[in-house]
Amino acid sequence: MRYNESVKIAPSILSADFAALADDIARVEGGEPDQLHVDVMDGRFVPNLTIGPVVVDAIRKRTRLPLDCHLMIVEPERYVGDFVAAGADIVTVHAEATPHLQRLLAQIRQAGARAGVALNPATPPDVLEYVLDDLDLVLVMSVNPGFGGQAFIPSAYDKIRRIKAMLGSRPVELSVDGGVKLEHVRPLAEAGATILVAGSAIFGAADPAAVVREMKQPFAR
Ligand code: DX5
Ligand code: ZN
């Protein structure tokens, strides 16, 4: 058993106050999160609309944290360049949103960002088998994407374990997104997750920075 393990925490700004985004980001930065998670929704891939590159560009000017732009949009290849130009460090696309996943991942890397693949709860990990060397991050969705504040779907644990085994020694982050609360931190880390995304658990709290700090507490693993 190794000690002093902890996971990286990525607050999702979806649950922040969009009319006071810079203030909310500054507040959460006090907890020393590892990156910011930016949810981009188009009303087609998911039944909700959020933000585009203009807002990413504005956020980029207010924080030094790496930005992971989670694209929940159809035809993601049309917008990769815009999000990288706006300041995305990681661009995460859904495997379900493209018939040409390998080409899309290469496009993201070529544009200068790290390439992530998100999987909906019903999508098996097998779709990653032939792109394992083309990606920098896998995002396991533990809710059906579209909204913050939904309940965590426990089948994510098994999927994380399977993907961890598939990745072997590759330097790929394994991230989990949806319904993540304090109680999930340790079991998710034990299953193999290296980054936890949390929206409502962080921004819904009276002191978002304190929740980040608590989630980053080291524990025995
Ligand atoms: C859901 C988004 C998530 C969301 C998570 O479609 O991809 O990033 O913000 O929010 P919580 O943590 O509230 O489930
Ligand atoms: Zn997300």
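One-based numbering, in listed order, for ligands and for the atoms of each. Here the structure is a predicted model, which means the values were calculated and not measured.
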Worksheet item: Shared ILVMFWY cluster between Tyr79 and Ile59, side chains joined below 4.5 angstrom?
Response: yes
Worksheet item: Of the choices Asp39, Val38, Asn144, which has the non-hydrogen atom that lies closest to atom 4 (C) of ligand 1?
Response: Asp39
Fill in: Numbered atoms of ligand 1 (with element) below 4.0 Å of His70, judged on heavy atoms
7 (O)
Discussion item. Below the 3.5 angstrom mark, is there an N/O of Ser15, backbone or side chain, next to an N/O of ligand 1?
Written reply: no
Worksheet entry | Separation between OG1 of Thr50 and CG of Asp42, rounded to the nearest 0.5 Å | 8.5 Å
Practice prompt. Tell me, please: is Ala201 in heavy-atom contact with ligand 1, that is, under 4.0 Å?
Written response: no
Worksheet entry | For atom 1 (C) of ligand 1, the protein heavy atom that lies nearest, with its residue and separation | Phe147 O, 3.5 Å
Discussion item. Test your reading of the structure: does Met141 have an N or O sitting under 3.5 Å from an N or O of ligand 1?
Written reply: no
Fill in: Gly149 N/O under 3.5 Å from ligand 1 N/O
yes
Worksheet item: Out of curiosity, does Ile202 fall in the hydrophobic cluster containing Ile25 (side-chain heavy atoms, cut-off under 4.5 Å, transitive links)?
Response: yes
Worksheet item: Is Leu105 linked to Val84 within one hydrophobic cluster, defined over Ile, Leu, Val, Met, Phe, Trp and Tyr using a side-chain heavy-atom separation of less than 4.5 Å?
Response: yes
Item to complete: Answer yes or no for Lys181: is there a heavy-atom contact with ligand 1 below 4.0 Å?
Response: no
Worksheet, complete the sentence: Of all N, O or S atoms in His70, the one closest to the Zn ion (ligand 2) is ND1
Fill in: Closest protein heavy atom (residue, atom, distance) for atom 10 (O) of ligand 1
Gly148 CA, 3.7 Å
Item to complete: Give the contacting part of Ser12 toward ligand 1: side chain, backbone, both or neither, where contact means a heavy-atom distance below 4.0 Å.
Response: side chain
Fill in: Atom indices of ligand 1 within 4.0 angstrom of His37 heavy atoms, with elements
8 (O)
Fill in: Intermediate values then yes/no, side-chain contact (heavy atoms from CB on, under 4.5 Å), Glu214 and Val185
CA-CA 10 Å; Glu214 230 176 318; Val185 172; over 6 Å; no
Worksheet item: In ligand 1, which numbered atoms sit nearer than 4.0 Å to a non-hydrogen atom of Met41?
Response: 6 (O)
Worksheet item: Could you give the distance from CD (Glu32) to NZ (Lys8), rounded to the nearest 0.5 Å?
Response: 14.5 Å
Item to complete: Check ligand 1 against Met72 and write out every atom of the ligand that is under 4.0 Å from a heavy-atom position of the residue.
Response: 6 (O), 7 (O)
Worksheet item: Within the structure, does Gly179 bring an N/O atom to less than 3.5 angstrom of an N/O atom in ligand 1?
Response: yes
Discussion item. Any carboxylate oxygen within less than 4.0 angstrom of a Lys/Arg side-chain nitrogen, looking at Asp89 and Arg114?
Written reply: no
Response to the item:
Among non-hydrogen protein atoms, atom 12 (O) of ligand 1 lies closest to Gly199 N, 2.8 Å
Fill in: Working for side-chain hydrogen bond (donor to acceptor under 3.5 Å, both in side chains), residues Asp177 and Ser142
CA-CA 6 Å; Asp177 183 10; Ser142 40; over 6 Å; no
Fill in: Atom name, Asp177 (N, O or S, nearest to the Zn ion (ligand 2))
OD2
Discussion item. Tell me whether Ile153 shares a hydrophobic cluster with Phe147, the cluster being built from Ile, Leu, Val, Met, Phe, Trp, Tyr side chains joined at under 4.5 Å.
Written reply: no
Worksheet, complete the sentence: Interatomic distance, CG@Leu67 vs CZ@Phe83, rounded to 0.5 Å, equals 11.5 Å
Discussion item. Please determine whether residues Val127 and Val93 belong to a single hydrophobic cluster, defined as Ile, Leu, Val, Met, Phe, Trp and Tyr linked transitively by side-chain heavy-atom distances below 4.5 Å.
Written reply: yes
Worksheet entry | Degrees at the Zn ion (ligand 2) between the OD1 atom of Asp39 and the NE2 atom of His37, nearest 10° | 90°
Discussion item. I need the atoms of ligand 1 closer than 4.0 Å to a non-hydrogen atom of Ala198, numbered in the order shown.
Written reply: 12 (O)
Fill in: Distance-only N or O hit between ligand 1 and Gln150, under 3.5 Å
no
Practice prompt. Measure up the His184 and Phe152 rings against each other and bin them: parallel (under 30°), tilted (30 to 60°), perpendicular (over 60°).
Written response: parallel
Worksheet item: Going by atom types only, do His70 and Asp68 share a side-chain donor-acceptor pair under 3.5 Å?
Response: no
Worksheet item: Identify the closest protein heavy atom to atom 5 (C) of ligand 1: which residue and atom is it, and at what distance?
Response: Asp177 OD1, 3.6 Å
Worksheet entry | Element-labelled atoms of ligand 1 that are located less than 4.0 Å from some non-hydrogen atom of Gly178 | 14 (O)
Practice prompt. Check ligand 1 against Pro145 and write out every atom of the ligand that is under 4.0 Å from a heavy-atom position of the residue.
Written response: 6 (O)
Discussion item. Assess the residue pair Gln107 and Leu104 against the criterion (side-chain contact (heavy atoms from CB on, under 4.5 Å)); give the C-alpha distance rounded to whole Å, side-chain angles, the decisive distance to 0.1 Å, and a yes or no.
Written reply: CA-CA 5 Å; Gln107 183 191 350; Leu104 181 55; 3.6 Å; yes
Discussion item. Gly146 versus ligand 1: do any nitrogen or oxygen atoms come within less than 3.5 Å of each other?
Written reply: yes
Response to the item:
Closest heavy-atom pair, Gly146 versus Asn48, reported as atoms and distance to 0.1 Å, is O-ND2, 2.9 Å
Worksheet item: Looking only at protein heavy atoms, which one is nearest to atom 13 (O) of ligand 1, and how far off is it?
Response: Ser200 OG, 2.5 Å
